Novice: 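Structure in structure tokens, see below.
Because the structure is a prediction, the values reported are computed rather than measured.
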Amino acid sequence: QVQLVESGGGLVQAGDSLRLSCAVSGRTFSAYVMGWFRQAPGKEREFVAATWSGGSSYYGDSVKGRSTISTDSAKNTVYLQMDSLKPEDTAVYYCAAASRSVWLALRGVQDAYEYWGQGTQVTVSS
């Protein structure tokens with residue numbers, strides 16, 4: 001019912017910034033909590049950020065102060081702005097959508113998300 005397509009990843013240097021995009025289609029955009037997760041090689045998937053159209057947003061501890069999640073309802077797109085990138089930010093970044101529990105999804109509980117994109121690679125060189 002929901003399709004998610006990430007874009008905007010690439011190779012950047014430490015200290016650079018970039019913005020990831022997630023195009024959403026299928027259901028009403030406002031009906032879902034939208035989240036960003038990332039997974040580095042050999043590590044478990046990690047919560048990055050989440051937002052709901054009502055205005056609430058949350059961030060994982062590792063990116064607080066360096067990342068901003070936003071939405072554009074007219075374009076059905078979710079963005080993740082990342083600043084001051086570090087080599088440790090290197091990972092595949094996934095966009096996800098949740099409808100079952102707003103409370104859990106906003107707090108980064110992975111099982112709350114039922115739809116996932118294919119991911120976009122972000123590589124930060126030192």
Side-chain angles (χ1 to χ4, degrees):
Q1 292 182 324
V2 174
Q3 297 82 45
L4 309 174
V5 180
E6 303 97 333
S7 62
L11 175 63
V12 298
Q13 294 184 344
D16 286 353
S17 299
L18 82 165
R19 187 178 70 169
L20 306 181
S21 299
C22 174
V24 183
S25 63
R27 270 186 176 256
T28 302
F29 180 77
S30 61
Y32 291 88
V33 173
M34 303 303 304
W36 285 96
F37 295 78
R38 67 185 184 184
Q39 187 168 25
K43 297 183 179 180
E44 294 186 346
R45 189 173 294 170
E46 176 187 29
F47 172 66
V48 176
T51 189
W52 180 57
S53 61
S56 299
S57 61
Y58 292 84
Y59 297 91
D61 291 339
S62 63
V63 301
K64 286 182 179 178
R66 300 190 297 120
S67 299
T68 303
I69 187 170
S70 61
T71 61
D72 187 332
S73 296
K75 297 182 179 180
N76 293 318
T77 301
V78 183
Y79 303 97
L80 178 67
Q81 175 71 37
M82 296 186 289
D83 302 314
S84 301
L85 286 164
K86 306 173 182 179
E88 63 193 67
D89 294 319
T90 295
V92 176
Y93 284 71
Y94 296 93
C95 179
S99 64
R100 298 169 183 171
S101 174
V102 171
W103 194 94
L104 291 175
L106 286 174
R107 286 152 184 80
V109 178
Q110 183 173 323
D111 289 345
Y113 291 83
E114 61 259 48
Y115 300 103
W116 295 82
Q118 293 298 312
T120 184
Q121 176 72 47
V122 173
T123 302
V124 184
S125 63
S126 60

Novice: Quick check on the 6.0 Å ring-centre criterion: do Phe37 and Phe47 meet it?
Specialist: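 Phe37 vs Phe47: aromatic centres under 6.0 Å.
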Novice: Kindly work out whether a path of hydrophobic side-chain contacts (I/L/V/M/F/W/Y, heavy atoms less than 4.5 Å apart) joins Val109 to Trp103.
Specialist: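 In one cluster: yes.
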Novice: Regarding Arg38 and the six-membered ring of Tyr93, is the cationic atom NZ or CZ under 6.0 Å from the ring centre and inside 45° of its axis?
Specialist: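 Relative to the ring axis of Tyr93, which defines the angle, Arg38 lies outside at least one limit.
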Novice: Show the nearest heavy-atom pair for residues Leu18 and Gly10, with the distance to one decimal.
Specialist: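 Heavy atoms only, the tightest pair is CD1-N, 4.4 Å.
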Novice: If every non-hydrogen atom of Ser126 is compared with every non-hydrogen atom of Ala14, which pair is closest and at what distance?
Specialist: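 The answer is CA-CB, 4.4 Å.
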Novice: Filter on side chain to side chain donor-acceptor pair (under 3.5 Å), then keep only pairs touching residues 65-78, sequence neighbours left out; what's left?
Specialist: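 Counting only pairs at least two positions apart or across chains, the side chain to side chain donor-acceptor pair (under 3.5 Å) contacts touching residues 65-78 are Arg66-Asp89.
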Novice: Walk me through whether Leu4 and Met34 qualify under side chain to side chain contact (heavy atoms under 4.5 Å, CB included).
Specialist: CA-CA 10 Å; Leu4 309 174; Met34 303 303 304; 3.9 Å; yes
Novice: Less than 4.5 Å apart, side chain to side chain, heavy atoms only: is that true for Met82 and Val122?
Specialist: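 Result yes, sub-4.5 Å side-chain heavy-atom pair found.
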Novice: Donor-acceptor pair, distance only, cut-off 3.5 Å: does the side chain of Tyr115 make one with the backbone of Ala98?
Specialist: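 Judged by distance alone, no pair lies under 3.5 Å.
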Novice: Is Trp116 reachable from Val92 through a run of I, L, V, M, F, W or Y residues, each pair having side-chain heavy atoms under 4.5 Å apart?
Specialist: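 Looking at the clustering, Trp116 is in the same group as Val92.
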Novice: Minimum heavy-atom separation for Ser99 and Ala31, please, with both atom names.
Specialist: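 Of all heavy-atom pairs spanning Ser99 and Ala31, the closest is CB-O, 4.2 Å.
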Novice: Between the main-chain N or O of Cys95 and the side-chain N or O of Glu6, is there a donor-acceptor pair closer than 3.5 Å?
Specialist: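 Looks like yes, one N/O pair under 3.5 Å.
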Novice: When you compare the side chains of Ser62 and Glu46, does any donor N or O come within less than 3.5 Å of an acceptor on the partner?
Specialist: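 There is such a pair between these side chains.
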Novice: Taking the side chain from Gln121 and the backbone from Gly9, do they hold a donor-acceptor pair closer than 3.5 Å?
Specialist: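 Not a single qualifying donor-acceptor pair exists.
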Novice: Distance-only, no hydrogens or angles: does the Thr90 side chain make a donor-acceptor pair with backbone N or O of Val124 under 3.5 Å?
Specialist: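 Indeed, once roles are kept as given, a pair shorter than 3.5 Å links the two residues.
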Novice: Going only through I, L, V, M, F, W and Y residues with side-chain contacts under 4.5 Å, is there a path from Leu104 to Val102?
Specialist: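 No, separate clusters.
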Novice: Answer with yes or no whether the side chains of Ser125 and Gln13 bring together a donor and an acceptor at under 3.5 Å.
Specialist: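 The answer is no; no qualifying pair exists.
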Novice: With a 4.5 Å limit on heavy-atom distance, are the side chains of Leu106 and Trp52 in contact?
Specialist: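 A side-chain contact under 4.5 Å exists here.
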Novice: If hydrophobic clusters are built by linking Ile, Leu, Val, Met, Phe, Trp and Tyr wherever their side-chain heavy atoms come under 4.5 Å apart, do Tyr79 and Val12 end up in the same one?
Specialist: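 Not linked; separate clusters.
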Novice: Between Ser57 and Ile69, what is the shortest heavy-atom contact and its length?
Specialist: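 Residues Ser57 and Ile69, closest heavy atoms: CB-CG2, 4.1 Å.
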Novice: With rounding to the nearest 0.5 Å, note down the distance linking CD in Gln118 to OG in Ser7.
Specialist: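 These two atoms lie 13.5 Å from each other.
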Novice: Take Tyr32 and Glu114 through the test side chain to side chain contact (heavy atoms under 4.5 Å, CB included) and record every step on the way to the result.
Specialist: CA-CA 10 Å; Tyr32 291 88; Glu114 61 259 48; 4.3 Å; yes
Novice: How close do Ser17 and Ser84 get, heavy atom to heavy atom, and via which atoms?
Specialist: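 Looking at all heavy atoms of both residues, the shortest contact is OG-N, 4.1 Å.
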Novice: Can you tell me which residue among Thr51, Val78, Val63 is in a side chain to side chain contact (heavy atoms under 4.5 Å, CB included) with Trp36?
Specialist: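 Exactly one candidate clears the test, Val78.
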Novice: Mind listing the closest non-hydrogen atom pair of Tyr113 and Ala96 along with its distance?
Specialist: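 Minimum heavy-atom contact is CD2-CB, 3.4 Å.
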